[in-house]
Asks: 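First the structure, which I've put down as structure tokens, then a few questions once you've had a look.
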Amino acid sequence: MSIKVLYFASLRETLGYSHETLTLPADISSVGALRSHLASRGGVWEALGEGRNVRAAVNQDMVGPEAPVADRDEVAFFPPVTGG
Amino acid sequence: MSVSVQEADFDTGAEIAALSAGRDDVGAVATFVGLVRADKLAGSGDSVQAMTLEHYPGMTEKALAAIEAEAGQRWTLLGTRIIHRYGRLLPGQQIVFVGVASPHRGDAFAACEFIMDYLKTRAPFWKKEDTPQGGQWVDAREADDAAAGRWAQG
């Protein structure tokens with residue numbers, strides 16, 4: 001399964017990446033599992049760890065950790081929004 | 001019904017006029033304009049010098065259109081307009097415009113406030129303040145979540 005992952009704002013700066021294309025193991029099928037998978041890279045990626053205030057979107061809709069992730073999805077991680 | 005996400009400034013007067021142009025059924029137009037504020041920085045005599053707004057192209061337009069559609073389902077609206085800027089903005093400059101046209105003021109006021117409250121918590125924008133000590137990301141406010149939460153249907 002191949003997906004695109006995007007990072008925004010302070011998270012993008014911390015990680016040093018704005019986007020990446022990932023091939024995921026079959027057992028990672030939710031946003032929460034993807035987030036843990038990324039956090040397990042260690043170092044700066046711990047910014048995605050449990051307890052950090054990170055929001056997610058799948059295909060440009062804001063979702064919770066239980067949301068499914070499927071092949072070719074666009075998943076984004078970002079801090080709480082501060083527009084307006 | 002329309003949404004714009006743009007770097008350019010907007011003409012508030014022209015936007016307000018457009019909400020009722022050519023029609024005789026609009027009895028109320030309510031608007032909100034958000035501006036960059038030169039907040040004083042804690043622990044120094046300095047103020048915010050500029051602000052840079054980042055957004056998520058694609059999702060931003062989708063989120064704003066969804067908020068606009070939800071307002072249209074809750075209240076009787078004859079027109080809505082949302083403009084949100086991104087890029088580098090200076091204190092005093094305009095960031096956001098929300099305009100709502102309705103037959104009556106009650107719906108116009110409520111829908112305008114609802115759109116702003118939802119925009120604050122659902123539209124993917126992030127503010128970074130330029131200070132003499134460098135760039136600083138603005139933290140989300142719990143008060144904004146509370147403001148959006150009061151519109152939840154029980």
Side-chain angles (χ1 to χ4, degrees), chain A residues 2-22 30-32 34-35 38-39 43-84, chain B residues 3 5 32-37 39 51-67 82-87 89 94-98 112-129 134-145 147-148:
Chain A
S2 175
I3 61 164
K4 188 174 182 187
V5 188
L6 308 177
Y7 309 102
F8 288 95
S10 55
L11 196 57
R12 170 178 55 76
E13 289 187 351
T14 300
L15 301 176
Y17 288 94
S18 62
H19 62 93
E20 62 180 313
T21 301
L22 273 183
S30 73
V31 167
L34 170 62
R35 184 174 156 178
L38 293 167
V44 293
W45 295 92
E46 284 166 17
L48 285 164
E50 253 178 77
R52 302 298 187 95
N53 205 351
V54 173
R55 305 291 164 91
V58 173
N59 299 327
Q60 307 187 345
D61 286 318
M62 225 175 296
V63 296
E66 72 293 339
V69 174
D71 192 35
R72 299 193 192 179
D73 276 351
E74 176 178 297
V75 182
F77 292 103
F78 43 80
V81 302
T82 56
Chain B
V3 165
V5 181
F32 174 85
V33 178
L35 307 168
V36 179
R37 206 175 46 225
D39 275 354
M51 191 171 264
T52 302
L53 276 126
E54 177 174 331
H55 77 113
Y56 179 173
M59 179 174 168
T60 312
E61 291 82 352
K62 193 176 177 182
L64 293 177
I67 293 166
I82 304 175
I83 306 171
H84 204 302
R85 296 176 70 189
Y86 62 91
L89 299 171
Q94 306 184 124
I95 304 176
V96 60
F97 176 89
V98 174
C112 187
E113 194 167 15
F114 167 86
I115 289 170
M116 269 313 297
D117 284 347
Y118 267 38
L119 182 156
K120 281 266 183 191
T121 54
R122 297 190 181 188
F125 288 98
W126 300 274
K127 288 184 184 133
K128 190 178 195 180
E129 293 173 341
Q136 209 158 27
W137 290 99
V138 173
D139 284 330
R141 298 170 66 236
E142 281 178 23
D144 289 335
D145 283 330

Asks: Main chain of A:Ser10, side chain of B:Trp126: is a donor-acceptor contact present, judged purely on distance under 3.5 Å?
Replies: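 Answer holds: no.
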
Asks: Given a strict heavy-atom distance threshold of 4.5 Å, which part of A:Ala57 is in contact with chain B: side chain, backbone, both, or neither?
Replies: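 Contact with chain B involves the side chain of A:Ala57 alone.
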
Asks: Answer with side chain, backbone, both or neither: which region of B:Asp144 has an atom nearer than 4.5 Å to a non-hydrogen atom of chain A?
Replies: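 Neither part, no heavy atoms under 4.5 Å.
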
Asks: By a 4.5 Å heavy-atom criterion (distance strictly below it), what part of B:Ala123 contacts chain A: side chain, backbone, both, or neither?
Replies: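 When you check distances to chain A, only backbone atoms of B:Ala123 fall under 4.5 Å.
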
Asks: Once the angle between the rings of A:Phe77 and A:Tyr7 is folded into 0 to 90°, is it parallel (under 30°), tilted (30 to 60°) or perpendicular (over 60°)?
Replies: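 The rings of A:Phe77 and A:Tyr7 lie parallel, inter-plane angle below 30°.
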
Asks: Should the pair A:Phe78 and A:Phe8 be assigned to parallel (<30°), tilted (30 to 60°) or perpendicular (>60°) ring geometry?
Replies: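 Answer is perpendicular, since the angle exceeds 60°.
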
Asks: What residues form a salt bridge (Lys or Arg N to Asp or Glu O under 4.0 Å) with A:Arg12, not counting sequence neighbours?
Replies: B:Glu54

Asks: Go through the structure and list residues passing salt bridge (Lys or Arg N to Asp or Glu O under 4.0 Å) with B:Lys128, not counting sequence neighbours.
Replies: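 Salt bridge (Lys or Arg N to Asp or Glu O under 4.0 Å) check on B:Lys128 returns A:Glu13.
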
Asks: Any idea which of B:Thr60, B:Val138, B:Val96 has the most non-hydrogen atom pairs under 4.5 angstrom with chain A?
Replies: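 Highest number of heavy-atom pairs under 4.5 Å: B:Val138.
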
Asks: With a 4.5 angstrom heavy-atom cut-off, could you sort out which part of A:Asn53 is near chain B: side chain, backbone, both or neither?
Replies: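 It is neither, since no heavy atom gets under 4.5 Å.
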
Asks: For B:Lys120, is it the side chain, the backbone, both, or neither that has a heavy atom closer than 4.5 Å to a heavy atom of chain A?
Replies: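 For B:Lys120, backbone and side chain are both near chain A.
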
